[in-house]
Amino acid sequence: MTTTEQATPAGSAPSLPEPDVRAALDAAIATVRAGEQRWAGLGVAERVALLGRVHAAVGSQAEQWVAAAVRAKHLDPDSPLVGEEWLSGPYATLSGLLALQHSLTAVAAGKSPVGGTKFGTGPGGRVVVPVLPTSPYEYLLLHGFSADVWMKPGVTATEVRARAGLGALTPAETTGVGLVLGAGNISSIAPLDVLYELVAHNRVVILKLNPTMNELLPVYTAAFAPLIELGALAIVTGAGDVGSYLAHHRGIAHVHITGSAVTHDAIVWGAGPDVAARRAAGTPVLDKPITSELGGISPIIVVPGVWSAADLRFQAQHVATQRLHNGGYNCVAGQVVILSSEWPQREAFVEELRKAIEAAPERVPWYPGSADRVAAAGTAYARADHLGKDGGRLLIDARNGVDAAAIETTEYFSPVLGIVDVPGTGQAFVDAAVDHANSALVGTLGANVLASPASLKELGSGFDEALARLEYGTIAVNAWTAVGFLTAGAPWGAFPGHTIDDVQSGIGIVHNAFLLQDTERTIVRGPFRPFPRSFVGGEFSLSPKPPWFVSARSARRTGQLMTRFAAKPSWGRLPGIFVSAFRA
């Protein structure tokens, strides 16, 4: 088959790129098809060395990377919000590269990437694999935070160790050319997806950038030059017609997309009047496998307890961060706060939340369509609070008979936050909130739970049993699920079991730098209070206000220093990070 052969599915009626663009895309596919043989010929130790060169190149491009993201998102270069671009861009990518090198080094030595890891046991006898912290560096940098991977029920510890490594266990057995349709919101998503395709699945990659990320093309080209020069990666740009052309090209063996369920379904089922018939018949227009990360409606479950005024204020800032980070344009942004209708401090917390949203730094609504989505939410909820300098942040308190369906089923992907109530206190509330999140909210990507140490102690084992029933790919307890995104060894994706017929938050996982098979979910835990108040409730945590909080005043400098550390880890770089972090 020649590289110019491609398929345009009947009935889908996509628009095709111009002939010269098609020729360039065909040439890119031909390049990586040739590069597949070179990738297959690399032993695992050689891949470690190659990823080391990529790591060095990413580190050298970190300043330019962040500058490009700042331009793309119309940020003030001096704003603390620039810290978001350091942490969610080069820092996350560098951390992922370091962890992948660790795993491949183990495989090259004939060992399991988790051979020396002490496993735990979770509800139902699940094997629990700790993935944060995994080094003294991580223990100090994120003191008080942890992340565990719960494996699927029935998988044994022996099986976990033996299967870890995925495609790296058979490096010569490549699986063709994969298409990565890059995300348009976070600059590390596409690079991390590319790395997972290469290492975990032995697929060389065509990366098609989302147009919102085109500003980063020169940076990506330089940062991933070792892979591009090998022919294992080609980066292209373009609109939806380019993505459709590539997805249905016969030279592409697999598609991975980070985006929306609407875009996923358009690729899989096509467009036009015959979509319903194709769905009913089970005949998708896409004739190859597809994996995906598609967002959803993320809950923030607030367990009622006796909170101090400082607790109410800090956790309100925490919730505001989960909604407003990156302007609200995150697949895992918290969208629905689930409160107890019987919590005596409910109104006090809502008032603090209103203040936190109002006080968060102003930023340009940079993601396409944001204003329209905010307007749609305002139309659906005429009594919503319009907060912020321009009134562009909505807080919707859906109680007293207000229909919560829209806020629970529409991913607004903008600064829109809803509040819903369920009855009960203690375990009764937790169980009711879990049932509500599972049944009423669309999507299964991430869920957040906030509970004081006293409440967690009172709940005991019932709390973990409730987590086991909460069907989300990442669950964060007194943290934000984005910590799971930043944790290189943690799998990232929807709760297992979705199909192209009902894709919800997607199919498959990425990140997962320890290359684990048969994962079910990740559980992230953090401190309920920042240092030094953390010691009030018996929490041993030295972490101050986290640098990803939108209210963290030193976030820009802290993010920059953490990125420099990830580029060249050393004990000497830690004191500066701590000093900056404690100025948050």
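Numbers for residues simply follow the sequence, beginning at 1.
When atom types are taken as modelled, the side chain of Q101 and the backbone of L97 share a donor-acceptor pair closer than 3.5 angstrom. In this structure a side-chain-to-backbone donor-acceptor pair under 3.5 Å is present from N448 to P299. Although no hydrogens or angles enter the test, the distance criterion places a donor-acceptor pair under 3.5 Å between the side chain of R373 and the main chain of F413. Between the side chain of S260 and the main chain of T263, a donor-acceptor pair closer than 3.5 Å is present. Between the side chain of R203 and the main chain of T175, no donor-acceptor pair closer than 3.5 Å is present. Judged by distance alone, with hydrogens and angles left aside, the side-chain atoms of W366 form no donor-acceptor pair with the main-chain N or O of L75 at under 3.5 Å. Of the possible donor and acceptor atoms, one in the side chain of Q335 sits under 3.5 Å from a partner among the backbone N and O of Y412.
Of the inter-residue distances, the one linking R323 atom CZ with S298 atom OG reads 8.5 Å to the nearest 0.5 angstrom. Atoms OH and CG, on Y220 and N214 in that order, are 10.0 Å from each other to the nearest 0.5 Å. Note that CZ of R363 and OG of S79 are 7.5 Å apart. Values are rounded to the nearest 0.5 Å. Distance check, rounded to the nearest 0.5 Å: CG of L286 to NE2 of H248 gives 5.5 Å. Rounding to the nearest 0.5 Å places CD1 of I396 at 4.0 Å from CD1 of I407. Going from atom CZ of R38 over to atom CG of L50 covers 12.0 Å, rounded to the nearest 0.5 Å.
Q504 places a side-chain heavy atom less than 4.5 Å from the side chain of V442. V524 is listed as a side-chain neighbour of T474, based on a closest heavy-atom distance under 4.5 Å. Side-chain contact between L417 and R393 is absent, with no heavy-atom pair separated by less than 4.5 Å. Two residues are said to be in side-chain contact when any heavy atoms from C-beta on lie closer than 4.5 Å; E293 and V510 fail this criterion. V204 places none of its side-chain heavy atoms less than 4.5 Å from the side chain of T174. Looking at L42 and P171, their side chains never come closer than 4.5 Å, going by heavy atoms from C-beta outward. For the pair T237/V242, no side-chain contact is recorded, criterion being any heavy-atom separation below 4.5 Å from C-beta on. Within the 4.5 Å cutoff, side-chain heavy atoms of L516 are placed close to those of V160.
Both tests pass for R47 against the ring of W39: distance under 6.0 Å to the centre and angle within 45° of the axis.
When all heavy atoms of S112 and A106 are compared, the pair lying nearest together is O-CB, 3.8 Å. When all heavy atoms of L98 and A566 are compared, the closest pair comes out as CD1-O, 3.4 Å. In terms of heavy atoms, V131 sits closest to G489 at CG1-O, 3.6 Å. Closest approach of S505 to G443, counting heavy atoms only: OG-CA, 3.2 Å. L324 approaches A360 most closely through the heavy-atom pair CD1-CB, 3.6 Å. T170 and N202 get closest at one heavy-atom pair: O-ND2, 2.9 Å.
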Verdict with supporting geometry, R53 and E229, salt bridge (charged side-chain N to carboxylate O under 4.0 Å, His left out): CA-CA 12 Å; R53 294 197 296 275; E229 291 164 3; over 6 Å; no

Residue pair L216, L209: steps toward the side-chain contact (heavy atoms from CB on, under 4.5 Å) verdict: CA-CA 9 Å; L216 283 104; L209 297 184; 5.7 Å; no

Worked verdict on R521 versus Y472 for side-chain contact (heavy atoms from CB on, under 4.5 Å): CA-CA 7 Å; R521 73 185 88 196; Y472 287 81; over 6 Å; no

H254/K288 under side-chain contact (heavy atoms from CB on, under 4.5 Å): CA gap, chis, key distance, verdict: CA-CA 6 Å; H254 180 275; K288 62 202 66 174; 6.0 Å; no

side-chain contact (heavy atoms from CB on, under 4.5 Å) between V268 and V503, worked out: CA-CA 11 Å; V268 172; V503 74; over 6 Å; no

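Looking at residues two or more places apart in sequence or on another chain, you find a salt bridge (charged side-chain N to carboxylate O under 4.0 Å, His left out) between E159 and R163. With sequence neighbours excluded, the residues that form a salt bridge (charged side-chain N to carboxylate O under 4.0 Å, His left out) with K73 are E85. Taking R279 as the reference, D265 meet the salt bridge (charged side-chain N to carboxylate O under 4.0 Å, His left out) condition, with sequence neighbours excluded. Residues meeting the side-chain hydrogen bond (donor to acceptor under 3.5 Å, both in side chains) test with R564, sequence neighbours left out: E63.
A donor-acceptor contact closer than 3.5 angstrom links the side chains of T444 and H498. Between N330 and Y367, the side chains place no donor N or O within less than 3.5 Å of an acceptor N or O (distance only, hydrogens not considered).
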Return all side-chain donor-acceptor pairs below 3.5 angstrom for residues 180-189, not counting sequence neighbours, or 'none' if the list is empty.
unit_1, atom_1, unit_2, atom_2, d
N185, ND2, Y329, O, 2.9
S187, OG, W65, NE1, 2.8
S188, OG, S88, O, 2.6

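When each of L51, D193, L227, L100 is paired with L198, the side-chain contact (heavy atoms from CB on, under 4.5 Å) condition holds for L227 and for no other. Put simply, the residue from L16, V21, I252 that forms a side-chain contact (heavy atoms from CB on, under 4.5 Å) with Y245 is L16.
Note: W86 and Y91 fail the aromatic proximity criterion, with ring centroids not under 6.0 Å apart.
Listed by first and then second residue, the ring-ring contact (aromatic ring centres under 6.0 Å, His included) pairs involving residues 183-204 are Y196-H201 (not counting sequence neighbours).
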